[in-house]
Amino acid sequence: MAEEEKKIITTDSDIEIKRIYPKTDFPDEQPGEYPFTRGVQETMYRSKLWTMRQYAGFSTAEESNKRYHYLLKNGTTGLSVAFDLPTQIGYDSDHPMSDGEVGKSGVAIDSLQDIEILFEGIKLEEITTSMTINSTASILLAMYIALAKKQNADLKKISGTIQNDLLKEYAARGTYVYPPKPSMRIITDIFEYCSSEVPKWNTISISGYHIREAGSTAVQELAFTLANGKAYVKAAIEKKLDINLFAKRLSFFFNAHNNLFEEVAKFRAARRMWAKIMKELGATDPRAQMLRFHTQTGGSTLTAQQPHNNIVRVTIQALAAVLGGTQSLHTNGFDEAIALPTEEAARIALRTQQIIANESGVPDTVDPLAGSYFIETLTNELEEQAWQYIHKIDAMGGAVNAIEQGYIQNEIATSAYKYQSKIEKKEKIIVGLNKFEVEEKPLQNIFTVDDAVRIQQIEKIKKIKSTRNSEKVKNILNRLESDARSNINLMPAILEACENYATLGEIADVMRKVFGEYKN
């Protein structure tokens with residue numbers, strides 16, 4: 001017992017875990033009530049399960065459309081679109097910078113025609129769609145709205161999310177195009193436009209996911225994500241937007257890693273902290289104080305070694321998300337450390353959610369781990385450490401300044417280095433990677449994308465440009481440039497350009513011309 005008492009065990013954020021937790025009094029909080037520690041809905045999954053999404057998109061719009069219909073047939077309840085790198089950074093498939101990347105990390109989108117094909121046979125009024133897109137979020141959202149209009153959908157009913165979170169791109173991921181200030185302008189233009197035109201649309205998904213993938217701890221993911229969220233809210237307030245209106249459509253995107261209890265505590269702390277932040281910033285409507293979030297299981301936790309072990313990892317992570325009260329969930333395929341997920345891997349990932357939902361009993365009561373002395377204490381400790389980071393960032397003048405000074409990037413890099421060192425020293429065991437290794441055959445049926453996809457996309461672009469009204473497109477792009485040089489909301493001009501089949505690259509280039517490109 002004496003030796004056991006001396007042993008120090010910590011979470012992945014280096015929070016010390018005690019042998020036992022004594023009986024402690026905690027606030028008798030209710031779900032659906034401020035500060036929402038126990039959940040943003042009174043009944044949570046007892047009345048409605050979380051939205052089950054599978055992040056999918058590859059090759060051409062035609063191929064991705066087939067995968068979407070496959071997933072919908074197998075019970076997914078929301079779509080989640082992955083875009084290729086050229087689409088993410090505003091290049092058409094025929095641009096020299098796109099060579100070798102078209103359709104590889106997601107679907108290639110060059111014009112409204114691709115969006116029409118991508119959602120063929122899918123009524124946008126009847127499905128929610130999450131689009132993981134940032135620098136070109138305004139363009140992809142405009143294309144989605146344009147398609148909804150062509151389907152005669154009620155724009156007041158279409159719902160979904162664009163990621164639209166540029167601050168984490170500068171700090172952790174890198175698919176930025178424009179400098180921070182014009183990026184913030186575009187983001188708040190989207191807030192303003194959607195508030196009146198597509199009020200059910202989530203205008204931003206403030207993302208901790210990529211911060212965690214870059215190597216942060218759970219505490220840092222929590223702190224840096226909320227600090228970024230605070231910066232977006234302040235920018236919108238400075239633009240004279242009503243916090244009680246636009247803040248209802250803010251959403252968050254978190255990672256779920258393997259340390260089950262720390263992850264659950266992180267989600268609980270996030271809700272409580274955001275409610276306090278929003279109250280301090282002037283939000284009085286409870287819906288504007290709520291933190292609603294999507295979760296994706298941890299891509300960086302997956303191993304190419306013994307890939308079927310990843311099914312277990314994803315199950316633990318999905319369980320953490322559900323126990324933590326997520327509103328939406330994507331589960332990774334077991335083969336994603338090697339390639340894009342096959343249909344089999346995607347189906348197993350979806351079935352993981354369905355088994356948790358229908359067989360585990362976990363959704364039957366709200367916040368089932370509430371009252372655990374361990375969970376409640378860990379929630380408090382995560383919150384306390386996250387506040388310390390946020391106070392430092394506030395002292396620097398906010399998240400934008402902290403990013404420009406390199407503070408957030410350096411903190412993430414230091415944590416990533418420490419974690420990798422622990423793995424290499426076998427202080428942190430990764431099953432199948434640094435312990436319990438076996439001789440194994442390479443995984444069969446790897447999914448790959450043919451380089452011929454670029455040729456197909458280039459032919460589409462040529463055809464679109466030869467059949468559209470080029471003079472009208474030119475005039476609309478000139479209008480967009482004029483609007484960008486003034487304070488006029490950019491969304492109407494972007495939407496009109498998309499409706500007339502201006503390409504994504506053409507629209508992005510107009511804004512490059514006005515705003516310039518960010519060089520880190």
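- Salt-bridge annotation for D14 and K418: absent, with no side-chain N of the basic residue lying under 4.0 Å from a carboxylate O of the acidic one.
- Within 6.0 Å of NZ on K276 lie more than 12 heavy atoms contributed by other residues, nucleotides or ligands.
- Within the 3.5 Å criterion, the main-chain N or O of I311 finds a donor-acceptor partner in the side chain of T315.
- Looking only at distances, no side-chain donor or acceptor of N74 sits under 3.5 Å from a matching main-chain atom of R347.
- A salt bridge links D285 to K248: at least one charged side-chain nitrogen sits closer than 4.0 Å to a carboxylate oxygen.
- Other residues, nucleotides and ligands place more than 12 heavy atoms under 6.0 Å from the NZ atom of K156.
- D335 places no side-chain N or O within donor-acceptor distance of the main-chain N or O of I338, the cut-off being under 3.5 Å.
- Rounding to the nearest 0.5 Å places OG1 of T301 at 12.0 Å from CG of N259.
- Not a single donor-acceptor pair under 3.5 Å links the side chain of E221 to the backbone N or O of F254.
- The aromatic rings of Y34 and F36 lie perpendicular to each other, with more than 60° between the two planes, well past the 30° mark.
- Shown here is R351, whose CZ atom has more than 12 heavy atoms of other residues, nucleotides or ligands within 6.0 Å.
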Query raised in the report: Checking side chain to side chain contact (heavy atoms under 4.5 Å, CB included) for the pair I17/T10: CA distance, chi angles, key distance, verdict?
Result: CA-CA 5 Å; I17 300 174; T10 65; 5.7 Å; no
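- For F374, the CZ atom counts as densely surrounded, since its 6.0 Å shell holds more than 12 non-hydrogen atoms of other residues, nucleotides or ligands.
- Checking side-chain atoms of H330 against main-chain N and O of Y55 turns up a donor-acceptor pair under 3.5 Å.
- The shortest heavy-atom contact between N255 and R212 is ND2-CB, 3.5 Å.
- Note: Y407 and F224 have perpendicular aromatic rings, judged against thresholds of 30 and 60 degrees for the angle between ring planes.
- With rounding to the nearest 0.5 Å, the separation of OG1 in T352 from CE in M52 is 10.5 Å.
- Under the 3.5 Å distance criterion, the side-chain polar atoms of N310 are matched with a main-chain donor or acceptor of T303.
- The local environment of CZ in F261 is sparse, with at most 12 non-hydrogen atoms from other residues, nucleotides or ligands closer than 6.0 Å.
- A distance-only check finds no donor-acceptor pair linking the side chain of E262 to the backbone of A218 [under 3.5 Å].
- Remark: K239 NZ is packed, more than 12 non-hydrogen atoms of other residues, nucleotides or ligands lying under 6.0 Å away.
- The six-membered or imidazole ring of Y178 lies away from that of Y518, with a centre-to-centre distance of 6.0 Å or more.
- Look at R38 and E33 and you find no salt bridge, because none of the NZ, NE, NH1 or NH2 atoms lies under 4.0 Å from a carboxylate O.
- Ion pairing between E427 and K422 fails under the 4.0 Å rule for side-chain N and carboxylate O.
- Counting heavy atoms from C-beta outward, V322 and W50 have side chains that approach closer than 4.5 Å.
- I237 contributes atom CD1, which lies 9.5 Å from atom CG of D242 (distance to the nearest 0.5 angstrom).
- Here E263 pairs with K266 in a salt bridge; the nearest charged N to carboxylate O distance falls below 4.0 Å.
- Aromatic ring orientation, F253 versus H294: tilted (interplanar angle from 30° to 60°).
- Within 6.0 Å of the CD atom in E42, the count of heavy atoms belonging to other residues, nucleotides or ligands does not exceed 12.
- Side-chain atoms of R268 never come within 3.5 Å of backbone atoms of D367 as a donor-acceptor pair (strictly under, hydrogens ignored).
- Under the 3.5 Å distance criterion, the side-chain polar atoms of E125 are matched with a main-chain donor or acceptor of D154.
- Y373 does not carry K23 over the face of its six-membered ring by the limits of under 6.0 Å from the centre and within 45° of the normal.
- Put simply, the side chain of S207 never gets that close to the backbone of Q163: no donor and acceptor are under 3.5 Å apart.
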Requested in this report: Please step through side chain to side chain contact (heavy atoms under 4.5 Å, CB included) for the pair Q327 and M44, ending with a clear verdict.
Outcome: CA-CA 9 Å; Q327 277 62 67; M44 288 299 290; 4.0 Å; yes
